Amino acid sequence: QVQLVESGGGLVQAGGSLRLSCAASGRTFNSYTMGWFRQAPGKEREFVAAITRNTYRIYYADSMKGRFTISRDNAKNTVYLQMNTLKPEDTAVYYCAATGRMAYGLGPENLNEYEYWGQGTQVTVSS
C-alpha cells in the first residue's frame, strides 16, 4: 500500500503562484505513474496533469497547459505541481494520485486508473 501526502496549498491572489508537493511512501516510487487532479465545490473531480513511469511522459489538461508544470524527483519520492498565473477558477482541493498499472487501458488522464490517493490540499485564489 502506498501513502500519499500533499502539501503546499494555501491562499493566493489572482496572478500569483503556488508549488504543490506530493510525497509518496515505499521503495518503488519509480514504478508509479503520478497524477494531479482537482475538485472544486459542487463540481466533479477533473484531471490536471500526469507524469508516467519509466518513460516519464507528461500530460496536461488543455486549460492548464502553459501555466502548470508537473515534475518528479525520484530520489525524494516526490511529485510536484508548479502553478503560475493562478485564477479564481483554479480554486479547488488538489489531489495527488498514483498507479503502478493501467488495468483498463484508459490512460493517465482518467481518474479510474489510479489505485492510491492523497487526502488533498486546498488551493484558494482570491480576486
Side-chain angles (χ1 to χ4, degrees):
Q1 190 172 6
V2 175
Q3 291 183 336
L4 304 173
V5 180
E6 303 97 334
S7 62
L11 177 63
V12 64
Q13 293 188 12
S17 299
L18 285 174
R19 187 195 192 202
L20 305 184
S21 299
C22 174
S25 66
R27 305 175 183 175
T28 58
F29 179 77
N30 293 357
S31 67
Y32 291 99
T33 288
M34 305 296 298
W36 286 98
F37 295 79
R38 70 185 186 185
Q39 188 165 19
K43 297 183 179 179
E44 295 182 350
R45 193 168 299 186
E46 66 175 340
F47 172 75
V48 175
I51 182 165
T52 66
R53 67 178 185 174
N54 300 329
T55 59
Y56 310 116
R57 289 173 293 173
I58 292 174
Y59 300 78
Y60 295 105
D62 288 342
S63 61
M64 288 73 165
K65 198 168 187 177
R67 296 191 300 125
F68 293 6
T69 303
I70 189 171
S71 62
R72 65 191 296 163
D73 187 339
N74 291 337
K76 296 182 178 180
N77 282 12
T78 301
V79 64
Y80 304 96
L81 184 69
Q82 178 67 46
M83 305 186 294
N84 298 325
T85 319
L86 284 163
K87 307 172 182 179
E89 64 196 66
D90 295 318
T91 295
V93 177
Y94 284 71
Y95 296 92
C96 177
T99 185
R101 61 184 176 90
M102 292 289 163
Y104 305 102
L106 300 174
E109 299 165 292
N110 194 302
L111 59 84
N112 293 302
E113 291 281 11
Y114 290 85
E115 303 171 81
Y116 308 104
W117 293 84
Q119 296 300 307
T121 184
Q122 176 70 48
V123 172
T124 303
V125 184
S126 62
S127 60

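If you read the sequence from its start, that first residue is 1, and numbering goes on from there. This is a predicted model, so every value here is computed, not measured.
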Output every pair passing salt bridge (Lys or Arg N to Asp or Glu O under 4.0 Å) with a member in [range], not counting sequence neighbours, ordered by first then second residue.
| range | answer |
| --- | --- |
| residues 114-127 | Arg101-Glu115 |
| residues 44-53 | Arg38-Glu46 |
| residues 117-127 | none |

With a 4.5 Å heavy-atom cut-off, do [X] and [Y] have their side chains touching?
| X | Y | value |
| --- | --- | --- |
| Ile51 | Thr33 | no |
| Met34 | Leu4 | yes |
| Val123 | Thr91 | no |
| Glu89 | Ser63 | no |
| Leu20 | Met83 | yes |

Margin query: What verdict does the side-chain contact (heavy atoms from CB on, under 4.5 Å) test give for Arg57 and Tyr59, after you've listed the backbone C-alpha separation in whole Å, the side-chain angles of each residue and the deciding distance to 0.1 Å?
Written below: CA-CA 7 Å; Arg57 289 173 293 173; Tyr59 300 78; 3.7 Å; yes
Notebook entry, point to check: Can you tell me if CD on Gln3 sees more than 12 non-hydrogen neighbours from other groups inside 6.0 Å?
Noted result: no
Atom of [X], atom of [Y] and distance for their closest heavy-atom approach:
| X | Y | answer |
| --- | --- | --- |
| Thr52 | Thr55 | OG1-OG1, 3.3 Å |
| Thr28 | Ser31 | O-OG, 2.6 Å |
| Thr78 | Ala23 | OG1-CA, 4.1 Å |
| Pro88 | Ser127 | CG-CB, 4.1 Å |
| Ser71 | Val79 | O-CG2, 3.1 Å |

Notebook entry, point to check: Which disulfide (SG to SG under 2.5 Å) pairs, counting each pair once, include a residue from residues 38-70, with sequence neighbours left out?
Noted result: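 Listed once each, the pairs would be none.
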Notebook entry, point to check: Does anything in residues 17-126 pair up under disulfide (SG to SG under 2.5 Å), and if so which pairs, sequence neighbours excluded?
Noted result: Cys22-Cys96
Next item on the list: Verify whether one side chain among Ser17 and Asn84 offers a donor that lies under 3.5 Å from an acceptor in the other.
Entry: yes
Notebook entry, point to check: So, is the end of the Arg19 side chain (NZ or CZ) under 6.0 Å from the ring centre of Tyr80 and within 45° of the ring's axis?
Noted result: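 Judged by the rule (NZ or CZ under 6.0 Å from the ring centre, within 45° of its axis), Arg19 counts as positioned above Tyr80.
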Do the side chain of [X] and the main chain of [Y] share a donor and acceptor less than 3.5 angstrom apart?
| X | Y | answer |
| --- | --- | --- |
| Gln119 | Glu6 | no |
| Glu113 | Gly105 | yes |
| Thr121 | Ser7 | no |

With a 4.5 Å cut-off on side-chain heavy-atom distances among I, L, V, M, F, W and Y, is there a chain of contacts connecting [X] to [Y]?
| X | Y | result |
| --- | --- | --- |
| Trp117 | Phe29 | no |
| Leu18 | Tyr95 | no |
| Val93 | Phe47 | yes |
| Leu111 | Ile70 | no |
| Leu81 | Val12 | yes |

Next item on the list: Report the C-alpha distance between Thr99 and Tyr32 in whole Å, list the side-chain angles of each, state the deciding distance to 0.1 Å, and finish with yes or no for side-chain contact (heavy atoms from CB on, under 4.5 Å).
Entry: CA-CA 5 Å; Thr99 185; Tyr32 291 99; 5.6 Å; no
Note to self: So that I know where these two stand, are Tyr114 and Phe37 an aromatic pair - ring centroids less than 6.0 Å apart?
What the structure shows: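 Yes, the ring centres sit under 6.0 Å apart.
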Check: Under 6.0 Å between the ring centres of Phe68 and Trp36?
Finding: no
Item checked: Pair Ile58-Tyr60, side-chain contact (heavy atoms from CB on, under 4.5 Å): steps then yes or no -> CA-CA 7 Å; Ile58 292 174; Tyr60 295 105; 3.3 Å; yes
Next item on the list: Mind checking salt bridge (Lys or Arg N to Asp or Glu O under 4.0 Å) for Arg67 and listing every partner two or more places apart, or none if nothing turns up?
Entry: Asp90
